[in-house]
Amino acid sequence: MILKARDLVETLHQQIESRTTGTPAQLAQRLGISHRTLMRYIAQLREMGADIRFSLHRNTYYYATSLTFRFGYEPVFASDNSSMGSGEEG
């Protein structure tokens, strides 16, 4: 479920970046989500600092300023003092 949401937000970001979203209804349909969910994802991107606007002339969302998002996960390694232990019996 988390990966699906991350993939949707990443796809949304790519569509906005390339200025090829179409109307909100078209974009929601293309992503396979409701209009309400689309608005929630756009709000989340805005909360992360994205200045997202909609052009009535071009019928697309776009970023008013350029930005870069890094999507993904980074591994977190347990320290020797963690509750998981180091794998050695002591």
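Along the sequence shown, residues carry numbers from 1.
Heavy atoms only, all atoms of each residue included: Y62 and F54 are closest at CE2-C, 3.9 Å.
Pairs engaging residues 47-67 under the salt bridge (charged side-chain N to carboxylate O under 4.0 Å, His left out) rule: D51-R53 [sequence neighbours left out].
Atom OH of residue Y63 and atom CG of residue L45 lie 5.0 Å apart, to the nearest 0.5 angstrom. Taken to the nearest 0.5 Å, the CD1 atom of I16 stands 4.0 Å off from the CD1 atom of I52. Between atom CZ of residue R19 and atom CG of residue N59 there is a gap of 14.0 Å, rounded to the nearest 0.5 Å.
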Residues 21-36, side-chain donor-acceptor partners within the protein, below 3.5 Å, at least two apart:
{"residue": "T21", "atom": "OG1", "partner": "T60", "partner atom": "OG1", "Å": "2.9"}
{"residue": "T21", "atom": "OG1", "partner": "Y61", "partner atom": "N", "Å": "2.8"}
{"residue": "T23", "atom": "OG1", "partner": "Q26", "partner atom": "N", "Å": "3.1"}
{"residue": "T23", "atom": "OG1", "partner": "Q26", "partner atom": "OE1", "Å": "3.3"}
{"residue": "Q26", "atom": "OE1", "partner": "T23", "partner atom": "N", "Å": "2.8"}
{"residue": "R30", "atom": "NH1", "partner": "Q15", "partner atom": "OE1", "Å": "2.9"}
{"residue": "R30", "atom": "NH1", "partner": "T20", "partner atom": "O", "Å": "3.4"}
{"residue": "R30", "atom": "NH1", "partner": "T21", "partner atom": "O", "Å": "3.2"}
{"residue": "R30", "atom": "NH2", "partner": "T21", "partner atom": "O", "Å": "3.3"}
{"residue": "S34", "atom": "OG", "partner": "T37", "partner atom": "N", "Å": "3.0"}
{"residue": "S34", "atom": "OG", "partner": "T37", "partner atom": "OG1", "Å": "3.0"}

